[in-house]
Novice: 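Below is the structure I would like to discuss, written out as structure tokens.
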Amino acid sequence: MSLELNDVTLTHPDGDGVVTALDRVSVRVAPGELAAVVGPSGSGKSSLLAVAATLIRPDSGRVAVGGVETLGLRPRELSELRLGRVGIVFQQPNLIGSLTAVEQLVVTDHMRGRPAREARVRSMETLAAVGLSGKEHRRPHQLSGGERQRVNIARALAGRPSVLLVDEPTAALDHERGGRIMELLVEATGTFDVATLLVTHDTEYLDAADRVLEMRDGRLRVLAADRPGGL
Ligand code: ADP
Ligand code: MG
């Protein structure tokens, strides 16, 4: 199921006035599609992800996540929606130091109410899908930076979300590792049939994306698309 933003405007207070972080932004990402948003620092990329994740409510416009219209949902309903349908990959892995790779996933999946044994089976499958077979029982310090980012991605996918939101996944990695993480995200988008929206200021790995959009001063426009259909 898709991610859909329709005519979304978001402002932040700024001194006596406001700063427009998102200016009438519309975008739809289909299941199995990876859309990349590039743009300079301060252009509104993180704001876009926060709105898509339903962490911030826009001033106006509509946001539909995995087929669910979020306008009018109560905070409790929104957090259920997030837990069930949204996977978020932050720039920093934020893994728990004392937990093994598989435990990082089990903890989150268990929070969704999945029985522990089932969560474990599914977590092992997800780690295999991101290329971490054999490393399931390592703790973060026993993994490389690229592997930690893989665990981070696997954790976001553990609950089989409809929508995957990714903030600057390659920022902390060298060229080769960054390229492999990008490949992994493209592959996982297909394997898990998830609608992936990725933001980055890094223009290096964009060839792998199905669609590239550019954010400038809160406005979004198409840079390149593999498929017709525009925004
Ligand atoms: P990016 O992720 O592309 O760097 P952001 O979405 O973080 O851009 O920021 C977009 C604009 O909104 C910037 O001008 C930023 O200063 C402003 N902004 C972001 N978050 C806040 C906030 N919580 N309060 C006030 N201004 C904010
Ligand atoms: Mg940002």
Side-chain angles (χ1 to χ4, degrees), residues 3-29 33-65 70-71 75 78-79 82 86-95 145-146 148-149 152-153 155-156 161 163-175 177-179 181-182 184-186 189 194-225 231:
L3 167 69
E4 222 171 323
L5 273 69
N6 227 303
D7 212 17
V8 166
T9 293
L10 173 73
T11 60
H12 295 294
D14 184 43
D16 291 336
V18 293
V19 51
T20 304
L22 299 175
D23 190 0
R24 305 195 59 181
V25 166
S26 296
V27 61
R28 178 176 183 275
V29 188
E33 183 188 23
L34 187 149
V37 174
V38 282
S41 183
S43 58
K45 303 185 301 298
S46 292
S47 298
L48 177 71
L49 288 186
V51 166
T54 75
L55 292 166
I56 302 181
R57 212 185 273 275
D59 302 19
S60 60
R62 293 188 300 110
V63 179
V65 175
T70 62
L71 197 77
L78 284 177
S79 54
R82 276 196 296 274
V86 183
I88 307 180
V89 180
F90 294 108
Q91 191 173 329
Q92 291 302 326
N94 292 321
L95 300 175
R148 284 197 289 273
Q149 188 59 299
N152 194 23
I153 292 165
R155 183 175 53 182
V163 169
L164 183 66
L165 303 171
V166 190
D167 201 352
E168 306 271 5
T170 55
L173 302 173
D174 64 34
H175 175 71
R177 290 200 176 87
I181 287 295
M182 198 66 186
L184 169 66
L185 285 166
V186 170
T189 296
V194 73
T196 301
L197 181 65
L198 178 153
V199 309
T200 179
H201 67 262
D202 206 340
T203 52
E204 206 166 352
Y205 315 103
L206 296 178
D207 285 355
D210 294 307
R211 200 149 42 112
V212 182
L213 304 148
E214 188 187 36
M215 184 73 99
R216 236 169 229 284
D217 297 329
R219 303 203 70 136
L220 198 59
R221 67 180 185 101
V222 182
L223 269 192
L231 288 169

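Counting starts at 1 for both ligands and their atoms, following the listed order.
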Novice: Are the side chains of L78 and T70 in contact, using a 4.5 Å heavy-atom criterion?
Specialist: yes
Novice: Does CG in D217 sit with more than 12 non-hydrogen atoms of other residues, nucleotides or ligands closer than 6.0 Å?
Specialist: no
Novice: So, does K45 use its side chain to make a donor-acceptor pair with the main chain of L198 at under 3.5 Å?
Specialist: no
Novice: Using a distance threshold of 4.0 Å (strictly less than), state whether atom 15 (C) of ligand 1 has a protein heavy-atom neighbour.
Specialist: no
Novice: With heavy atoms of S41 as the reference, note each atom of ligand 1 found under 4.0 Å away.
Specialist: 4 (O)
Novice: I'd like the name of whichever of S47, G42, G39, P40 reaches closest to atom 4 (O) of ligand 1 through any heavy atom.
Specialist: G42
Novice: What protein N, O or S atoms come within a distance below 2.8 Å of the Mg ion (ligand 2), ordered by chain and number?
Specialist: S46 OG
Novice: Please confirm whether V19 comes under 4.0 Å of ligand 1, counting heavy atoms of the residue only.
Specialist: yes
Novice: Checking the side chain of E204 only, and the main-chain atoms of H175 only, is there a donor and an acceptor separated by less than 3.5 Å?
Specialist: no
Novice: Spell out, as yes or no, whether a donor-acceptor pair under 3.5 Å connects the side chain of R82 to the backbone of T54.
Specialist: yes
Novice: Can you check whether L164 reaches L185 side chain to side chain, under 4.5 Å on heavy atoms?
Specialist: yes
Novice: Checking contacts here: is it the side chain or the backbone of A50 that comes within 4.0 Å of ligand 1, counting heavy atoms only? Could be both or neither.
Specialist: neither
Novice: Where is the nearest protein heavy atom to atom 8 (O) of ligand 1: which residue, which atom, and how far?
Specialist: G44 N, 3.1 Å
Novice: Verify the contact flag for atom 18 (N) of ligand 1, where contact means a protein heavy atom under 4.0 Å away.
Specialist: yes
Novice: A side-chain contact here means heavy atoms from C-beta on lying under 4.5 Å apart; do H201 and S41 qualify?
Specialist: no
Novice: For ligand 1, which atoms, with element, lie under 4.0 Å from some heavy atom of A21?
Specialist: 12 (O)
Novice: For the backbone of F90 and the side chain of N152, can you confirm whether one donor and one acceptor N or O come within less than 3.5 Å of each other?
Specialist: yes
Novice: Between V63 and P58, what is the shortest heavy-atom contact and its length?
Specialist: CG2-CG, 4.3 Å
Novice: Donor-acceptor pair, S47 side chain versus L22 backbone, under 3.5 Å?
Specialist: no
Novice: Identify, by atom number and element, the atoms of ligand 1 in contact range of P13, meaning under 4.0 Å from any of its heavy atoms.
Specialist: 25 (C)
Novice: Looking at ligand 1, does S43 have a heavy atom less than 4.0 Å from it?
Specialist: yes
Novice: Taking all non-hydrogen atoms of both residues into account, name the closest pair between D7 and R24 and its distance.
Specialist: OD1-NE, 2.9 Å
Novice: Which residue and atom name correspond to the protein heavy atom nearest atom 7 (O) of ligand 1, and how close is it?
Specialist: S46 CB, 3.8 Å
Novice: Starting from atom 23 (N) of ligand 1, what is the nearest protein heavy atom, named by residue and atom, and what distance separates them?
Specialist: H12 ND1, 4.0 Å
Novice: Do the non-hydrogen side-chain atoms of V51 and V25 ever get within less than 4.5 Å of each other?
Specialist: no
